[in-house]
Every structure is written in C-alpha cells, then in structure tokens.
Amino acid sequence: MTTTKTDRTDAAAGILFIAFGLLFGVQSLGMELGTAFRMGPGYFPLVLSGVLILLGLAILIIAFKKVSATEMGGFAWRGMLFILPAPVFFGLTVRGLGFVPAIFLTTLIAGLASLKMKPQWALVLAFGVTVFSTLVFSYGLGLPFRRFGPWLPL
Amino acid sequence: MDLISNLGLGFATAASPENLFFCLIGVILGTLIGVLPGIGATATIAMLLPITFQLEPVSSLIMLAGIYYGAQYGGSTTAILINMPGESSSAVTAIDGYQMARKGKAGTALAVAALGSFFAGSVATLLVALFAPPLTVVALKFGAAEYFSLMMLGLVSAIALAHGSILKALAMVVLGLLLGLVGDDLYTGTPRFTFGMPEFAGGLNFVALAVGVFGIAEILRNLEGEQDRTVLGTRLAGLFPSRADLKRMVAPMFRGTAIGSVLGILPGGGAVLASFASYTVEKRISKTPEEFGHGAIEGVAGPESANNAGAQTSFIPLLTLGIPANPVMALMIGAMIIQGIVPGPNVASEQPELFWGIIASMWIGNLMLVVLNLPLIGLWVKLLKVPYHILFPIIMAMCSIGVYSVNSNVYDLFTVAFFGLLGYGLIKLRCEPAPLLLGFVLGPMLEENLRRAMILGRGDPTVFVTRPISLLLLLLMVAVLVVVTLPSIRKKRDEVFTEAE
C-alpha cells in the first residue's frame, strides 16, 4: 500500500473555487432564472457556478490522494502590506491632494515594500517618478488631472 | 491582384512617419519590458492602454502590436543571458540558449534567436495577409451558435497551455467567465454580482483586472525572495553565427515557423505552446538528442522561430473574428472597442487601412527589431543590471496612473488591489492566471451568443450540433479535451513543462 499525502496547496485551491462557486451560485438563485428558451439573468451564472463547485470538489478530492505534496513557500507579507495599498491610496487622494503629491506618495509607499530600498533612495526615486510622470502625462499627453488639489493650502 | 494592392495600402499606412514613429516606440518599449524581468507584455499593454486613447486608432494599435512582439524578442535576450525568461514563450529558449551563453556563445545564441524570429515573423506576416481575408468571408456566415462553439473551442484550448493541473486551469476559466458577468444584464438590466455598488454596473474594469492579476501579483511574487541576478555575457564576441551554425539553424527555423504559424491561429494562446512543441520536435528528430539541454543551436532556432510565428498568426482570429487568442489579444480588443471599432469580420472591409496597416506594420516592426537588437544587445545587458527594487515602485506608479485615467473611477483602483491580492493567492496555489483573463473577456460574449442561439433555436439545444460549422468546432473542442487528458500526452506535456522550469 502506498502512503498518500494531502497536498495542502491543491486542497486550498479546491476550497477557494468551491467558495467562489457558492458565492456566485447563491446570488444567481436570487435572480430570475428563465427557461432554456429564454434565459433569465440568473441562468448562465448558475450553470457556471455549478460547474465551478464541481471542479473545486474534484480538485479537493484529488488533493487528498497525492503521492507527493508540494510546499507553498513563503509569502511576501511586506510586499502585500505596501504594494496593495499603493493604488488604493492614489485613488483616494488624486482628486483631493492633486496628481503631483498623490503620485509622489504612491511611489514612496510602493518603494517601502522592498527591504533593499533605503529611505533616502526611495525619496529620490519618488521625486524622479513624479517629475517624469507630471511632464509626460499631465503636460505631454494632457490627461485631465488637477496637479494640486483643493486639500492643499495653496 | 488584391493581395498586392491591399499590402500596398497597408505599407502606405504603416510607413507614414507618424506610424513608423509609434511602431518604433512600441518595439523599443516592448524589448525594454521583455528584458526587464518581472513585468510582462500583458501588464505593460494594460498599463499603456489608457495612454493610447489619445492617438489615432491605427497608430495606437500599431504601437500595441509593436510592444507585443518586441517583448517576445526582449524575453529571449534575458532567457539566454540570465536563464530567466522575460516572457513565458521564451521559457524553452532558456534551456539551450543559457547553456550556449555559458559556453561563451552568448552572441551566437542571441543572433540565432533574432534571425530565427525575423524569418518566422516575415513568413507569418505573409500568412496573415493571405489567410485573414478569406477567413473573414467565412466569419461573416457565422451565427450565434457558431460563435458560441468557437469560443468554447478557444477556452478549452486555453487550458492546453496552462502549466500543471488541467482541472485547475478549467476552474480558472470558469471563474473568469463568472467575473466577466459582473455588471448589468444585457437583456433585462438586472444588476448582477455588483454587491449593491452602482460603480460596477458596467462590469469590472478589464484594464484594472489585468493589471492586478498580471502586474501586481507578479510584483508580489518577485518580492518573496529578493535575490540577486547574475548576468552572463560580458563576452559577446562573435555575434554572427559561423557558416556551420547557420547551416544547422535553417531546417529548425523552417519547421519552427510552420509549427508556430499553425498553433498561433488556435484560439487559446499559440505562442507558448508553439515553442514547446517545436522544442519537442527538434529534440525528437535530432541526430544528436543528447546535445539538447547542453547548448544545442537547434533548441534555440526552432522554438524562437515558432514563438514569433505564433505571435504573428494569433492576430488572425482577432482580425477576422474579433476573438482573442491570448490575453494580449484580449487587450487589443479592449483597445479597439475603446477606439470605437467593433472587432470582427467587418474590420477588413470597413476599415481596410487599419486592417492592412496593422499587418504591414508587423513586418516593419520585425525589421526594426533585428536592426535595433543586434547592435543594441550591449545596452540591454546593462539594463538587466537595474535592480528590481528600483523598478517596481515605478511600475506601481505607472499602473496607478494608467488604470485611473481609463475612466477616472476610484473603484477601478480598488479593483486593482483586490485582483492583485487574488492573483497572488492564485499563483501561490499554483493556478495560472492566463485562462482566467481569457474567460473574463469571453464571458459576456459567450453568454450573449448562447442566449441568442437558444432563442433562435426556439429553446432547442441541438442547434449547436445540427449546424455544420458549429458541429465541427465542437468536435474539435472535444478532440482537444481528449488529447490533453490522455495519460500518455499528459505525461509528455508535464515533461516539457518540467524541462522548462
């Protein structure tokens, strides 16, 4: 008898797909389904959700019968902490602060994601990116950004 | 002859100073991002998409196309010099190209890659010019049932190129389809999966999703283990292949071009598949298969020709049917729609300048690449030394600006962050993101055609098998599905992918 191991990566993937299938499936049930002749808004998504749940189940079951399991490896926690908020920050401040300060701070936040980035270099880089993108996007391409927004006492 | 006058129109369009300029910018940018690791063509095109809105439709599409094949070239450069394929389609090139570089033949490997790609690009461009017009005639006969079947075929083919588990790739396609349905229902206006937020009524922003899943997720993965790269190839002497080398590369180049041209047309992303297929073929028919993996020149010439040919011919389904063969083509569709062009069989007759201009610009772009790349290889090598922690904050800034400027919608930036996280999670769970994006683009089209076909067929599902073209496409789909799940082929496929890693 061969020993089987649980592949946690695959198991997690299976569970994730099942969860998405349920999320979409439950919402589809709340919509008009219609008939195969005249499909309502819920018909196609419900079918897809069912297929996704089945696929997720299959992945999950197979994950318990693997001969060898693989490791997931480390996570980029610091990266997630700084990279993901960067675009959100830009979105929240580009109107209030204006394009120039928003892009400066966004680049700075993103720069902090790497351990190798020294703070002074992050500042220099952010400054360079700000000058470049202001010249290219705002002056060069004429994208309709306010360079300095109403939040600033200018 | 039609072909000549059409190509004449194309070259006249593509050779205007303005379009030449944008083609040049495109190929330079493409090579640049192909060389810089950690940022692929998909993410770059997604980021630059908003900027191209300001340009003429022809110019913007020529530039985007230039980025696409420029990235293929740049990707091979890094594959050969640092054993790190900048693009997934150059993964195979890394196997033997890097070994050649280690033996001091980096220059030869780079030249072989460039010449092979140029040859393949020229042939494939001609093929596009020859086959696209007759296909548009066929495409005009397509009804809803045919479109549905064709897209099913495309989606199933998409799993053939995904790494690892076929089940996971299928699940990613389905998840992509579901995400594509977010927004108001086309027929009834019912909001679907918007979580009560009217900002998502028009659907999830495609650019935001692509930047998140491909760009941000990739940055996060690169930040995991920040290791230094070692650059080979300070000795680039002997750029031009010797006569013996040239002789060895001719046959693989022809075979690679043929394989690439055929596989590129398949919806589902031919370029990657083509390079793997070409490598396998070259290894099998070689008299010295033991050389493969230790610097066989055939192992560079074949796959490089194949991936470039595939990259060109993947424009055929886009230009004739309006159906994307891979994520980059999906972005091109996005670009066309934003420019007010409806992708599909009517483009060739209604906008001949655009249609033929793009085709002609492919050849011009390929020529530019050879002329640029051979003398500039030294410069690209220097660029490889730019540390990653300088690059990614710049990428983040450009992503933010690019996504926001599509419709000045703050929610799009939340979408970027969400899909960056989801994409990273999926990569950690060893799920390839490409099928998801393809599903996302095709989701609404697939549903619309399914519903329309069912209405036209009065609710009878046999409509898909009683119409000959539709039946043929579905049979092809079943064949692809059977082939990828057959145990022997699966084993072979796993082998090829493992070799590449």
Side-chain angles (χ1 to χ4, degrees), chain A residues 9-10 12-13 16-17 20 24 27-28 31-32 35-41 44-45 48-49 51-52 55-56 58-59 62 70 72-76 78-80 83-88 90-92 94 103 106-108 110-111 113-117 122 125-126 129 133 137 141-144, chain B residues 50-51 54 165 167-168 170-171 174-175 177-178 181 185 187-188 190 192-193 216 219-226 387-390 392-394 396-401 403-405 408 410-414 416-417 420-421 424-426 428-431 446-447 450-451 454-455 458-459 461:
Chain A
T9 315
D10 280 5
L16 185 72
F17 288 128
F20 268 111
F24 280 102
Q27 289 188 70
S28 310
M31 289 179 248
E32 193 195 329
T35 61
F37 182 11
R38 285 190 191 283
M39 294 182 187
F44 191 54
L48 288 178
S49 308
V51 173
L52 189 58
L55 287 170
I59 294 166
I62 294 171
T70 44
M72 246 185 267
F75 278 87
R78 189 186 170 94
M80 283 196 261
I83 291 287
L84 296 176
V88 175
F90 181 78
L92 293 175
V94 67
I103 200 63
T106 303
T107 317
L108 201 60
S114 171
L115 289 166
K116 289 188 178 171
M117 180 71 97
L125 184 67
V129 168
S133 44
F137 296 103
L141 290 165
L143 295 184
Chain B
I51 298 165
Q54 330 279 332
S165 158
L167 276 177
K168 279 184 183 170
L170 268 176
V174 178
L175 182 59
L177 288 171
L178 278 167
L181 298 182
D185 173 42
Y187 285 71
T188 59
T190 318
R192 295 194 287 185
F193 316 117
I216 312 275
I219 289 177
L220 287 173
R221 208 180 57 86
N222 281 308
L223 283 171
E224 263 171 28
E226 296 192 83
Y388 191 65
H389 62 264
I390 304 284
F392 77 84
I394 303 176
M396 286 306 299
M398 298 303 146
C399 284
S400 306
I401 299 170
V403 170
Y404 180 73
S405 58
S408 304
V410 177
Y411 280 78
D412 289 348
L413 288 157
F414 302 158
V416 169
L421 184 64
Y424 179 59
L426 287 168
K428 293 305 281 183
L429 298 176
R430 293 199 309 276
C431 298
L446 193 67
E447 187 191 25
L450 172 67
R451 283 162 90 168
M454 290 306 275
I455 291 173
R458 310 224 141 261

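As the structure is a computational prediction, the values presented were derived from the model and not from experiment. Protein chains get the first letters and strands the later ones, always in sequence-line order, with residue 1 at the start of each.
- Contacts between A/Ser49 and chain B at a heavy-atom distance below 4.5 Å involve backbone atoms as well as side-chain atoms.
- Interface residue A/Thr106: only side-chain heavy atoms are found under 4.5 Å from chain B.
- For A/Phe24, the parts lying near chain B are the backbone and the side chain together; criterion is any non-hydrogen pair under 4.5 Å.
- When heavy atoms are compared at a cutoff of 4.5 Å, A/Met117 approaches chain B by way of both its backbone and its side chain.
- No other option in A/Leu92, A/Leu55, A/Leu16 has as many heavy-atom pairs under 4.5 Å with chain B as A/Leu55.
- Across all non-hydrogen atoms, the minimal contact from B/Val174 to A/Leu48 is CG1-O, 3.4 Å.
- The candidate from A/Pro45, A/Ala86, A/Ala126 with the greatest count of non-hydrogen atom pairs under 4.5 Å with chain B is A/Pro45.
- With a threshold of 4.5 angstrom between heavy atoms, B/Cys431 approaches chain A through side-chain atoms but not through N, CA, C or O.
- Taking the six-membered ring for Trp and the full ring otherwise, the centers of B/Phe414 and B/Tyr411 sit less than 6.0 Å from each other.
- Interface check for chain B: of the options A/Gly79, A/Ala110, A/Ala12, the most heavy-atom pairs under 4.5 Å are formed by A/Ala110.
- Contact check for B/Leu181 versus B/Leu177: no side-chain heavy atoms found under the 4.5 Å cut-off.
- Applying the side-chain contact (heavy atoms from CB on, under 4.5 Å) criterion to B/Leu421, with sequence neighbours excluded, gives A/Met80, A/Leu84.
- Considering only heavy atoms from C-beta on, B/Cys399 stays 4.5 Å or farther from B/Val416 through its side chain.
- Counting heavy-atom pairs under 4.5 Å between each of B/Ile216, B/Leu446, B/Ile390 and chain A puts B/Ile390 at the top.
- Among A/Pro85, A/Ser133, A/Ala76, A/Ala58, the residue making the largest number of heavy-atom pairs under 4.5 Å with chain B is A/Ala76.
- The part of B/Tyr404 that comes within reach of chain A is its side chain, from C-beta onward, which places non-hydrogen atoms under 4.5 angstrom from that chain.
- For a residue to count as touching a neighbouring chain, one of its non-hydrogen atoms must lie under 4.5 Å from one of that chain's; by this rule A/Leu108 does not touch chain B.
- Residue B/Leu426 touches chain A through its side chain alone, counting heavy-atom pairs closer than 4.5 Å.
- Side chains of B/Asp185 and A/Met31 form no contact here, defined as non-hydrogen atoms less than 4.5 Å apart.
- For A/Ile83, the parts lying near chain B are the backbone and the side chain together; criterion is any non-hydrogen pair under 4.5 Å.
- Between chain A and the residues B/Arg192, B/Met398, B/Met396, the most heavy-atom pairs under 4.5 angstrom are made by B/Arg192.
- Chosen from A/Val51, A/Val94, A/Thr35, A/Ile62, the residue pairing most often with chain B at heavy-atom distances under 4.5 Å is A/Val94.
- Of the inter-residue distances, the one linking A/Ser28 atom OG with B/Phe193 atom CZ reads 3.5 Å to the nearest 0.5 angstrom.
- B/Asp412 pairs by the salt bridge (Lys or Arg N to Asp or Glu O under 4.0 Å) definition with nothing, not counting sequence neighbours.
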Between A/Arg38 and A/Glu32, does the salt bridge (charged side-chain N to carboxylate O under 4.0 Å, His left out) criterion hold? Intermediate values first, please. CA-CA 11 Å; A/Arg38 285 190 191 283; A/Glu32 193 195 329; over 6 Å; no
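- Using a 4.5 Å heavy-atom threshold, the side chains of B/Asn222 and B/Phe392 count as separate.
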